[in-house]
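Proteins come first, then strands; the chains are lettered A, B, ... in the order of their sequence lines, and each starts at number 1. Both backbone and side-chain heavy atoms feed into the values below; hydrogens, waters and symmetry mates do not.
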There are 4 protein chains.
Amino acid sequence: MANNVDIQESGKRELILEGALKVFSQKGFHGATVEEVAEVAGVGKGTVYLYFGSKTDLFVSVVEEKLKELQEVVMERLQNTEGACAKLALSIKLHWEFFNRSREFVKVILSDLSGLEKELDERTREARAGFIGVLESVIEEGIGHGEFKDVEPRMAAYAIEGAISFVAFENLVNEVSTPSIPDVSQLVDFCLNGLCC
Amino acid sequence: MANNVDIQESGKRELILEGALKVFSQKGFHGATVEEVAEVAGVGKGTVYLYFGSKTDLFVSVVEEKLKELQEVVMERLQNTEGACAKLALSIKLHWEFFNRSREFVKVILSDLSGLEKELDERTREARAGFIGVLESVIEEGIGHGEFKDVEPRMAAYAIEGAISFVAFENLVNEVSTPSIPDVSQLVDFCLNGLCC
Amino acid sequence: MANNVDIQESGKRELILEGALKVFSQKGFHGATVEEVAEVAGVGKGTVYLYFGSKTDLFVSVVEEKLKELQEVVMERLQNTEGACAKLALSIKLHWEFFNRSREFVKVILSDLSGLEKELDERTREARAGFIGVLESVIEEGIGHGEFKDVEPRMAAYAIEGAISFVAFENLVNEVSTPSIPDVSQLVDFCLNGLCC
Amino acid sequence: MANNVDIQESGKRELILEGALKVFSQKGFHGATVEEVAEVAGVGKGTVYLYFGSKTDLFVSVVEEKLKELQEVVMERLQNTEGACAKLALSIKLHWEFFNRSREFVKVILSDLSGLEKELDERTREARAGFIGVLESVIEEGIGHGEFKDVEPRMAAYAIEGAISFVAFENLVNEVSTPSIPDVSQLVDFCLNGLCC
DNA sequence: CATGAATGAGATTTCATTCAT
DNA sequence: CATGAATGAAATCTCATTCAT
């Protein structure tokens with residue numbers, strides 16, 4: 001059904017992915033139509049199905065792509081950084097910047113995908129887990145080095161991810177067009193040191 | 001068109017609200033059908049429209065109802081508690097318990113609502129803001145009393161809400177049926193004191 | 001199914017008929033709802049079904065009632081009138097006045113009833129034929145007395161009915177609030193003597 | 001939403017229009033379903049919406065199409081005719097023939113359209129006015145040339161239109177399959193010279 | 001007799017997906 | 001490879017009708 005691989009290099013796939021990101025971001029998964037994605041991407045409607053098995057597959061692919069992108073950026077930048085605290089701070093900053101670069105991507109991530117076919121659902125989970133994994137290992141490292149408390153790393157990772165996502169989403173909704181850097185510092189500080197003085 | 005008020009007390013409204021919660025939780029807003037909600041609620045399809053103006057209105061009503069419920073519980077319990085830290089800790093605990101009592105409600109909250117009609121969208125935002133407001137004022141109080149750092153209260157509130165929601169969601173997805181108490185303590189500690197030792 | 005007879009005298013039937021006339025006139029057969037008719041009539045929705053077998057039955061009854069009313073008025077007034085020309089002129093005038101008294105009744109008459117059940121359809125046809133019959137006999141009389149040409153009476157009757165209806169309808173649509181008497185004279189003259197000088 | 005233009009020539013539009021004419025004629029606007037129109041036209045249900053914005057748009061388009069057709073035929077034939085009387089007579093004949101060629105179209109014209117959306121309603125009115133306009137100008141010409149009495153042209157036009165429509169409708173209902181030519185002459189004579197000897 | 005809450009058949013419309021060109 | 005006209009499944013919502021009170 002999905003023959004999204006064995007196709008010649010022509011750049012169309014990327015075009016569609018970009019169009020999809022835009023449209024999904026603006027209208028959400030259900031609000032978007034394949035036709036509009038095709039239009040924005042500048043290809044025919046049928047072409048979308050040449051590169052992606054279904055609308056859902058397209059959506060998941062966008063998420064995968066973006067999340068992988070973020071994951072890679074973070075992992076790369078993390079190599080030149082020492083100390084779990086610094087690493088975590090950097091991760092959060094990059095994450096935050098990422099959310100503000102591709103503005104409305106948060107919406108995409110928070111989209112209602114309940115009822116995805118198993119396989120697609122699996123892929124989303126994996127993509128997300130992939131990125132969360134980065135946070136997790138930083139946390140684990142921090143715990144090992146005595147920098148962080150002995151918490152459940154995964155839970156901590158999700159807590160951080162949630163904090164970033166919700167704040168980013170809130171900023172979006174309230175049209176805070178250029179979220180200031182202080183915001184991030186506060187967020188970083190919140191994650192590292194909590195609210196108490 | 002929506003005459004969701006002036007109808008005799010018969011419990012049907014509550015029945016529908018409960019059914020809707022179940023179905024929306026399992027299938028999300030778009031995955032759910034009014035027909036199924038009606039079935040689960042044990043009423044006719046038309047009856048749903050007797051109490052709610054539209055599927056969207058029903059959805060928003062579910063969110064409002066639940067969020068208000070949580071808000072009230074928290075506010076009440078907060079009155080017998082001294083100290084911003086204690087208050088925040090309690091809020092988080094109650095919030096957490098709430099998410100686990102009406103299990104899959106997180107999903108509903110995280111649903112993709114892009115494209116709701118303005119008025120309904122407004123209602124959702126308000127309901128959410130209402131609950132967030134409770135957190136906000138606790139934080140403000142804490143800042144005033146010198147218990148908390150001088151952060152942007154709203155941002156902090158969203159960060160906390162996000163942390164709870166994502167962890168709850170993760171637990172759900174991973175089928176951790178009875179989220180242990182340690183989890184909450186860790187979450188509370190994360191919010192109050194952060195990750196660092 | 002239709003037990004519109006054996007019910008005590010309580011005036012409700014008339015109330016409903018009046019309400020129905022109003023609502024059907026304003027919204028047409030399909031645009032009207034039984035609920036609104038009941039409201040306007042000041043009775044419960046169920047009560048309508050106590051006096052009329054169905055929405056369609058109600059509609060047909062309104063038409064019957066009104067047409068019979070017109071028919072009777074015309075027949076009565078015709079008795080004191082001599083000469084087919086004078087009789088026809090009077091018929092047209094009364095018809096016209098009738099249409100303007102119960103203003104929008106033309107709409108009701110012109111309503112789309114395609115697909116009525118046989119029995120109801122029959123009743124409408126009969127009611128209409130009843131009134132048309134009056135015109136017909138006047139025309140027949142005129143032909144017999146040498147006042148009118150030897151035309152097919154029924155055709156002539158329908159032509160006249162059509163002329164009146166369409167002009168009345170046009171007046172309605174164009175919001176000519178108080179159709180002047182000259183209008184009728186012109187219409188009468190048109191029917192009697194045609195357009196030519 | 002309605003992209004009833006920019007689609008390749010494939011005859012489908014005409015097919016649908018024809019199917020719609022048939023179905024609307026038999027069942028009226030409300031009695032007809034888009035599904036049946038599609039079936040009769042031999043296309044898929046969705047295809048109807050490819051060519052027409054809505055059921056109402058389809059209906060109005062049928063009316064427009066047919067009325068324009070009639071209007072054009074009449075206008076063309078009128079050019080080779082001298083004298084307002086002759087012109088009017090010809091108009092009536094053509095109108096009559098038209099009604100009998102596309103048999104049940106009268107029903108469509110007489111359909112209950114109460115509650116059409118404004119824009120569509122406007123279109124129907126315009127289409128009708130277009131054709132009525134032809135009659136009007138013939139009448140005006142006749143008045144100017146002293147052939148016709150000094151009546152209100154529009155009223156006269158509607159009276160004539162009404163006469164033709166009702167007679168045609170009656171013929172239809174009574175299943176007078178092949179309305180004889182004498183009928184038309186009588187109708188023409190009625191319009192020109194009235195009923196009186 | 002009167003009522004109106006409850007019902008569900010049925011209609012319009014959208015849109016992901018296919019396939020002939 | 002690319003396209004977009006065609007399709008029909010599916011979902012929301014309306015409203016005539018019933019029936020328990």
Taking salt bridge (Lys or Arg N to Asp or Glu O under 4.0 Å) as the definition, give me every residue that meets it alongside [X], ordered by chain and number, with sequence neighbours left out.
X	value
K45(D)	E35(D)
E64(C)	R123(C)
E69(B)	K66(B), R101(B)

For K55(A) and dA16(E), is the shortest distance between a side-chain N/O and OP1 or OP2 below 4.0 Å?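 Yes, because at least one side-chain N or O of K55(A) sits under 4.0 Å from OP1 or OP2 of dA16(E).
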
Does a side-chain N or O of K12(A) approach OP1 or OP2 of dC1(F) to a distance below 4.0 Å, or not?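 For dC1(F), OP1/OP2 do not have a side-chain N/O of K12(A) under 4.0 Å.
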
Would you kindly give the [atom1]-to-[atom2] distance between [X] and [N], to the nearest whole Å?
X	N	atom1	atom2	answer
F59(B)	dA11(F)	CZ	P	17 Å
E36(D)	dG8(F)	CD	P	16 Å
F29(C)	dC15(F)	CZ	P	13 Å
F52(C)	dT18(F)	CZ	P	16 Å
H30(B)	dC15(E)	NE2	P	10 Å
L50(A)	dC19(E)	CG	P	14 Å
F24(C)	dC15(F)	CZ	P	13 Å
L58(B)	dC13(F)	CG	C1'	13 Å

Results of side-chain hydrogen bond (donor to acceptor under 3.5 Å, both in side chains) for E126(C) - residues two or more places apart only: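 Residues passing side-chain hydrogen bond (donor to acceptor under 3.5 Å, both in side chains) with E126(C): none at all.
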
The criterion is side-chain hydrogen bond (donor to acceptor under 3.5 Å, both in side chains); which residues satisfy it with E36(A), sequence neighbours excluded?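 K27(A).
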
Cation-pi geometry met for K55(B) and Y49(B) (6.0 Å, 45°):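 Not satisfied by the 6.0 Å and 45° rule.
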
Comparing G46(C) and E35(D) on DNA chain E - which has the more 5′ nearest nucleotide: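 With G46(C) and E35(D) compared, the 5'-side residue is G46(C).
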
Hey, which sits more toward the 5' end of DNA chain E by its nearest nucleotide, V34(D) or T47(B)?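 Closest to the 5' end, via its nearest nucleotide, is T47(B).
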
Any idea which of [options] is nearest the [X] side chain?
X	options	value
V43(C)	dA6(E), dT3(E), dT3(F)	dT3(E)
K45(B)	dA6(E), dG10(E), dA6(F)	dG10(E)
Y51(D)	dA2(F), dA5(F), dA6(E)	dA5(F)
Y49(D)	dA16(F), dT12(E), dT12(F)	dT12(E)
S54(D)	dA2(F), dC13(F), dT13(E)	dT13(E)
T33(B)	dA6(F), dA11(F), dA5(E)	dA11(F)

Can you tell me how the ring of H30(D) sits relative to the ring of H30(C), calling it parallel under 30°, perpendicular over 60° and tilted otherwise?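 The rings of H30(D) and H30(C) lie parallel, inter-plane angle below 30°.
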
For Watson-Crick and G-U wobble pairs within 3.5 Å on both distances, what is DNA chain F written in dot-bracket notation, | included for inter-strand pairing? .||||||||||||||||||||

Which is true for A38(B) with a 4.0 Å heavy-atom rule: it touches a base, it touches only sugar-phosphate, or it touches nothing?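 Result for A38(B) = nothing.
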
Residue that, paired with V23(B), satisfies side-chain contact (heavy atoms from CB on, under 4.5 Å) out of V62(B), V34(B), T33(B), V40(B):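 Considering V62(B), V34(B), T33(B), V40(B), a side-chain contact (heavy atoms from CB on, under 4.5 Å) with V23(B) is found only for V40(B).
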
